[in-house]
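A quick write-up on the structure given underneath.
On a predicted model such as this, the values are computed, not experimentally measured, just so you know.
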Amino acid sequence: MADRDRLWNLVHAERSALADDLAELDSAQWACRSLCGQWTVEQVVAHLTAVATVGPLRWIGSALGARFDTDLHNARRLAEHLGATPDDTLANFRRVLTSTTAPLGPTAAWLGEVVVHAQDIRRPLGISRTPAIAVTTEVARFYARKDFAVNSRTAAEGLRLTATDSDFTVGSGPEVGGPTLSLTMAMAGRTDYCDDLTGPGADILRARCP
């Protein structure tokens, strides 16, 4: 199996796992603020749907129409996929679970997109499901070597990141240790996950979170 196909299979599995979690939410939980800026849980789900329906050409057109204002571009695409009710929003998301449509960029970036945003939802809601170590390690390695949707490589620069639950380790400098998922989320700028990290570099990484 080609690596691209393998990564898309992982994306599909993570979307499906998130959809299962979302099926149990009540209206208050759908309206809960996520870890992604000002977005609610429902808005994050609509964003994930948008990402799975906008190919490169449409993405470029949308970005041009927004004058490369990322927030405006994201808000417009998100609004397209918000349903009249949370059930509608979830139904929209379910329709793209196996989509391989994506904007520009490597497939590993879109695996990271669903992994990070799923945790943006799960953490504030107290949902304990976490991706498999193989999945989080894949994303951690990608984030450590490349700034893409998030400035993850820049966040990790000059630090040695060492996972306590996998063989992931990268970089040199003050050490930051913790679960692979927490290292990944911290590189993605999620301050909440810095609480899971230890070592002399942990505060440095926390300070780099937006």
With side chain to side chain donor-acceptor pair (under 3.5 Å) as the criterion, how do D147 and T154 come out once you've worked through the C-alpha distance, each side chain's angles and the decisive distance to 0.1 Å? CA-CA 7 Å; D147 286 339; T154 299; 2.5 Å; yes
Full working for side chain to side chain contact (heavy atoms under 4.5 Å, CB included) between E42 and L82: CA-CA 8 Å; E42 186 174 7; L82 271 176; 3.6 Å; yes
Please lay out, stage by stage, how R153 and K146 fare under the test side chain to side chain contact (heavy atoms under 4.5 Å, CB included). CA-CA 5 Å; R153 183 192 63 79; K146 191 174 183 67; 5.5 Å; no
In sequence, state the C-alpha distance, the side-chain angles, and the governing distance for I121 and L22, and then conclude on side chain to side chain contact (heavy atoms under 4.5 Å, CB included). CA-CA 9 Å; I121 290 168; L22 296 169; 4.3 Å; yes
Report the C-alpha separation of L111 and E14 in whole Å, then their side-chain angles, then the decisive distance to 0.1 Å, and conclude whether the side chain to side chain contact (heavy atoms under 4.5 Å, CB included) test is met. CA-CA 8 Å; L111 177 60; E14 293 307 313; 4.3 Å; yes
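To the nearest 0.5 Å, atoms CG (N92) and CD (E80) are separated by 11.0 Å. In this structure, OG on S152 lies 12.5 Å from CG on L183, to the nearest 0.5 angstrom.
Under the side chain to side chain donor-acceptor pair (under 3.5 Å) criterion, the residue pairs touching residues 127-137 are D21-R129, with sequence neighbours excluded.
For the pair F148 and G105, the tightest heavy-atom approach, listed with the atom from each and the gap, is CZ-CA, 3.5 Å. In terms of heavy-atom proximity, H47 sits nearest to H117 at CD2-NE2, 3.4 Å. Counting all heavy atoms, side chain and backbone alike, R141 lies closest to D167 at NH2-OD1, 3.1 Å. Of all heavy-atom pairs between E157 and R208, the closest is O-NH1, 2.6 Å. For the residue pair T101 and A52, the shortest heavy atom distance occurs at CB-O, 3.4 Å. In terms of heavy-atom proximity, H12 sits nearest to L97 at CD2-O, 3.2 Å.
In this structure the side chain of T164 never reaches within 4.5 angstrom of the side chain of T198, judged on heavy atoms. Using a 4.5 Å heavy-atom threshold, the side chains of C194 and C209 count as touching. Residues R33 and Q38 are in side-chain contact: their nearest non-hydrogen atoms beyond the backbone lie under 4.5 Å apart. For the pair M187 and V150, the minimum side-chain heavy-atom distance is 4.5 Å or more. In this structure, the side chains of T40 and C32 stay at 4.5 Å or more apart for every pair of heavy atoms. The shortest distance between side-chain heavy atoms of W30 and T85 does not fall below 4.5 Å. Side-chain contact between Y143 and V116: present, with at least one pair of heavy atoms (C-beta onward) separated by less than 4.5 Å. Side-chain contact between I133 and F168: absent, with no pair of heavy atoms (C-beta onward) separated by less than 4.5 Å.
No side-chain donor from either of T89 and H81 sits under 3.5 Å from a side-chain acceptor of the other. A donor atom on one side chain and an acceptor atom on the other are not found under 3.5 Å apart for N9 and R6. A side-chain N or O of T180 and one of S166 form a donor-acceptor pair less than 3.5 Å apart.
Side-chain N or O atoms of T169 include none that pairs as donor or acceptor with a backbone N or O of T162 at under 3.5 Å. Formation of a donor-acceptor pair under 3.5 Å by the T49 side chain with backbone atoms of V45 is found in this model. In terms of modelled atom types and a separation under 3.5 Å, the side chain of R95 and the main chain of S99 share no donor-acceptor contact. A donor-acceptor pair under 3.5 Å is absent between the side-chain atoms of R122 and the main chain of I127, judged by distance alone.
Partner of P131 under the side chain to side chain contact (heavy atoms under 4.5 Å, CB included) criterion, out of V115, T184, L10: V115 alone. For the pairing with D196, the salt bridge (Lys or Arg N to Asp or Glu O under 4.0 Å) check across R206, R190, R123 returns one residue only, R123.
The ring of W110 has its center no closer than 6.0 angstrom to the ring center of F142.
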